Amino acid sequence: MTEYRYDPTEIEPRWQAIWANERTWEVSNTPDDRESSYVLEMLPYPSGEPHIGHLKVYSVGDAVAHYHRRIGRRVLHPMGYDAFGLPAENHAIKTGQAPAVSTAAAIASFQEQFRRWGISIDWSREFATCEPEYYRWTQWIFVQLFNAGLAYKQSATVNWDPVEETVLANEQVVDGRGERSGALVEARQLEQWFFRITDYADRLLDDLDTITWPEHVKTMQRNWIGRSRGAQVTFRCEALDIDFPVFTTRPDTLFGATVFVLAPEHPELERLIAGTGHEAEVHAYVNHALTEGNDVRGAADKPKTGVFTGRRVTNPVNGEELPVYVADYVLMEYGTGAIMAVPAHDARDFAFAQAYDLPIRRVIADPEDPEGDLPYAGDGVLVNSSPEFDGLPNREALDRILDWLAADDRGHASVNYRLRDWLISRQRYWGCPIPIVNCEQCGMVPVPADQLPVILPEVEDYKPRGRSPLAAVEEWVATTCPTCGGPARRETDTMDTFVDSSWYFLRYCDAGNTEAAWSPEALAQWMPVDQYIGGVEHAILHLMYARFFTKALADLGLLPEGVQEPFGNLFTQGMITKDGAKMSKSRGNVVSPAAIVERAGADTARAYILFIGPPDQDADWSDEGVDGVHRFLSRLWRLSAQAADAASGSGAPDASQPLSVSAADLELVRKAHWAIDKVTGDMDPARFAFNTAISAVMELINDCSRAHESGTADPAALRFALATASSLLFPFAPHVSSDAYDRLTGRRVWEEPWPVADPAMLARDVYELVCQVNGKVRDRVEVAADAPREYLEALARGSENVQRFLDGHEVVKVIVVPGKLVNFVVR
RNA sequence: GCGGGCGUGGUGGAAUUGGUAGACACGCCGGCCUUAGGAGCCGGUGGCCGAAAGGCCUUGGGGGUUCAAGUCCCUCCGCCCGCACCA
């Protein structure tokens, strides 16, 4: 018995050594007759050692990569590290250890784990984004964007994270708090670097229809971009000669505007209130509004407050003079920072009008209920507007009013977005330096390509002090202008790490290129990524930034023709929890992949994580479940080893060419073909049902086990079934599958084509016919597959138990579904 | 509030096109083997009634469509995720 003990500690390193020595998973950029396939998991941020989420994402990705290879594709499956970032830098502040040192240690730990897991990676293309050989090209791309006007520096109200001491992009602020630090962000007026992602809002939105992504991810991106179609209409303050454009999605309600409201931050506010006698009151209100945190001010259920400015503006549709208020429910960052308030048809304006006793005028009547409660936000017919428009359906009136306004320049159709430009500068050390120098003579000058990279200098003090630590490195900051040669100073901010990861998938295609970021030929081989896999937490951040980069680079002519999207298919995997909760050190419920691999082996860990449930769903880790999968792999290996040894010396017939005679042997071979069919279907990208694929192999192994125990099974049939099981399991548990397959056949399973089910073996000549009376199952009888309908009905009617339920009743209808069932409907 | 998803045994889950609910696994119970162990093998396991044959009930609650509903429709409840004073 001990002779056949499954020992992953012996098996796994042995096969890993073969793959490493032979560089089995490396792939060249030279095309051959195979279809190419680019399978990519989101690159890891190297910190400490890999956690259970990494084990899951790479187990899924590796299964896909192996399957693609086995069905005859040439597969690119690379690995790299998103190595710039705050955790390493914060670690440096705490311990003094340089980020480069701690990051290198983490990368080494990740590399070792990935090798122990047996992930099929093309290591020849590996890189870390913090290496000058990589960030040289990050800087080069920045310069291309700068030259194209897509990168710009501007003073703006930005999110300042007081804990991390840096500004953040809008995408990195969640519920008013810094995504990483959890600190309430503060609004600050600062000069910062932006990427003009808003130029791409329409394409980012519309091209979602061209990619195969989970619907909820597309929905999140649509919400984030937040396109609203409407109109810009100009209200005028005649007294001061100031125009106030407003954005509205409802120009059909213009005649219902009874108030005009400005955001507290509105730039024209001071001019507006000067000399009105309301200055003190307005100042008090604005000061209060501006000191309130975003989370307090942004609360939707907060009572409406505001204050009258003492001024009026003219409604362009009817010349009415509307009182101008300041209210904090109007946001400066959306639209124009000013609104026309239509209390009758907007819940917020209604609440405001009620609070300050302002007029409310119905201009849309619900045809079902013309005198119904206000506010009414639905469609209807225009009333109380103007003879020209009254009586029209509001959607039609909307277009007519718009044309009428546009005719004499009082307004025009307009589109508004929630999306803001991407703020990419950070006042932190451990990131890619922005390759710009500021020259007194020439202004902002991008560093020429032949002077890149701008190397990140080493520093003594990593602590940010409201500015980048780089600003303290005087000998680095002081430089000469690339254009005029005069004295100049470097930009001291670094880039958001999301910039690094917005193009890494391009670099893998040509990772060794020292002359360019990539060659167009290399990209043409692989892009776009066929299957991208990662966590849904990047639904907006990374996944939208990468799409923006791809489109911008395509517009610059830097990508192959037709590449507009980076990731054709996206799969988002669910989280692994423990005891129903997210794993965390503070909860003490962390399952370490290294420990589980140590204890049970990589194959068990990988197969378990795929068997636990559908990979897109969250799943709870169970040590008992791991044991179950380990037992299954043990049985597969033991049966294979025994079957192989029994065959050695007996001429070893080819296990893939079974010659079986008995009915039981035929059933086993049929089961193997059934498993081929089942697993193949489960591997389809529309399903990714690895859990049921593995359970199908379990069923096959259970049958093999019974055949083995019976002692009468044909050895060739058994070896065929076992070799098939190993072959099918290879994408999920590569080491044990390789070992078992090698013992059974003497061949390397990864070099074998994916098995194909024989239709003749799938077709059954008999099946179990379900006999129902009034939809309830009363019997099951075996019947020939080709039996005609009349025979099926007669057979079912002949069943004793069916008879019991037919007796004394009138059969009013008989449903016969060949291959399935017969149903008698009785009264 | 808006948008999306989910709800099946003691547990994770399966049921791909409306056609046998509970595959596979965990756990539990019983047995075999081994004088030990987180080893191996066999059998049982949704609930209720029954010695058995078999019957009744069962996919969050209620209603509907259908010969037939976990699956489709309506409605209510609960949970999760995203967005949210976005004009």
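Note on naming: letters A, B, ... go to the chains in the order of the sequence lines (proteins, then strands), and numbering restarts at 1 for each one. If you're wondering where the values come from, they're calculated on a predicted model, not measured in any experiment.
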Taking the six-membered ring for Trp, are [X] and [Y] parallel (under 30°), tilted (30 to 60°) or perpendicular (over 60°)?
X      : Y      : answer
A:F247 : A:Y334 : perpendicular
A:F352 : A:Y356 : tilted
A:H345 : A:Y376 : perpendicular
A:F235 : A:F260 : tilted

Mind calculating the distance between [atom1] ([X]) and [atom2] ([N]) to the nearest angstrom?
X      : N      : atom1 : atom2 : result
A:E171 : B:rC83 : CD    : C1'   : 14 Å
A:D779 : B:rG54 : CG    : P     : 8 Å
A:I694 : B:rG12 : CD1   : P     : 19 Å
A:Y417 : B:rC86 : OH    : P     : 19 Å
A:F611 : B:rU11 : CZ    : C1'   : 13 Å
A:L419 : B:rC83 : CG    : P     : 14 Å
A:L792 : B:rG19 : CG    : C1'   : 14 Å
A:R222 : B:rC81 : CZ    : P     : 22 Å

Salt-bridge present (A:D620, A:K578; N to O < 4.0 Å)
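Looking at A:D620 and A:K578, the cut-off is not met.
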
**Q.** Salt bridge A:R797-A:E793, side-chain N to carboxylate O under 4.0 Å
**A.**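 Salt bridge flag = yes for A:E793 with A:R797.
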
Does [N] have OP1 or OP2 sitting under 4.0 Å from an N or O in the side chain of [X]?
X      : N      : value
A:N691 : B:rA14 : yes
A:R418 : B:rC85 : no
A:R250 : B:rC86 : no
A:T692 : B:rG13 : no
A:R635 : B:rC41 : yes

Mind checking [X] for me? I need base, sugar-phosphate or nothing, with any heavy atom below 4.0 Å counting as a touch.
X      : result
A:N702 : sugar-phosphate
A:G226 : nothing
A:Y767 : nothing
A:N801 : sugar-phosphate
A:N416 : nothing
A:V812 : nothing

| Got a second to check how far A:L55's CG is from A:R606's CZ, nearest 0.5 Å? |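 So the CG of A:L55 and the CZ of A:R606 are separated by 8.0 Å.
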
* To do: Would you mind listing every side-chain hydrogen bond (donor to acceptor under 3.5 Å, both in side chains) that reaches into residues 814-827 of chain A, with sequence neighbours excluded?
  =>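 Passing the test, one end in residues 814-827 of chain A: A:E810-A:R827.
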
Give me, pair by pair, the N or O atoms of the protein and of nucleotides 63-67 of chain B that are less than 3.5 Å apart, along with how far apart they are.
from: B:rC67; atom 1: OP1; to: A:K813; atom 2: NZ; distance (Å): 3.3
from: B:rC67; atom 1: O2'; to: A:N823; atom 2: ND2; distance (Å): 3.2
from: B:rC67; atom 1: O2; to: A:N823; atom 2: ND2; distance (Å): 2.9

Consider the side chain of A:F805, meaning its heavy atoms from C-beta on, and name the nucleotide among B:rG55, B:rA23, B:rC42 that approaches it most closely.
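Closest of the options to the side chain of A:F805: B:rG55.
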
Considering only side-chain heavy atoms of A:T249, which listed nucleotide, B:rG40, B:rC85, B:rA87, is closest?
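Nearest to the side chain of A:T249 among the choices is B:rA87.
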
(request) Check whether any side-chain heavy atom of A:I11 sits under 4.5 Å from a side-chain heavy atom of A:Y6, and report yes or no. (result)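 With C-beta onward as the side chain, the pair touches.
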
| query | Between A:T309 and A:Y285, do the side chains contain an N or O donor and an N or O acceptor separated by less than 3.5 Å? | reply |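 Checked: A:T309/A:Y285 side chains show no N/O donor-acceptor pair below 3.5 Å.
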
Could you go through nucleotides 35-39 of chain B and list every protein N or O atom that sits under 3.5 Å from one of its N or O atoms, giving the distance for each pair?
from: B:rG38; atom 1: N1; to: A:R599; atom 2: NH1; distance (Å): 3.4
from: B:rG38; atom 1: N2; to: A:R599; atom 2: NE; distance (Å): 3.3
from: B:rG38; atom 1: N2; to: A:R599; atom 2: NH1; distance (Å): 2.4
from: B:rG38; atom 1: N2; to: A:R599; atom 2: NH2; distance (Å): 3.3

Going by purine N1 to pyrimidine N3 plus the second Watson-Crick contact, or the G-U wobble pair, all under 3.5 Å, which nucleotide sits opposite [N]?
N      : value
B:rG19 : B:rC67
B:rU59 : none
B:rG30 : B:rC42
B:rA25 : B:rU11
B:rC2  : B:rG82

Could A:R778 and A:F805 be counted as a cation-pi pair, given that NZ or CZ must be under 6.0 Å from the ring centre and within 45° of the axis?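 Ring-cation test returns yes.
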
inquiry  = I'd like to know if A:K678 reaches the base of B:rU16 with its side chain such that a donor and an acceptor end up less than 3.5 angstrom apart.
reply    =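 Yes, a donor-acceptor pair under 3.5 Å.
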
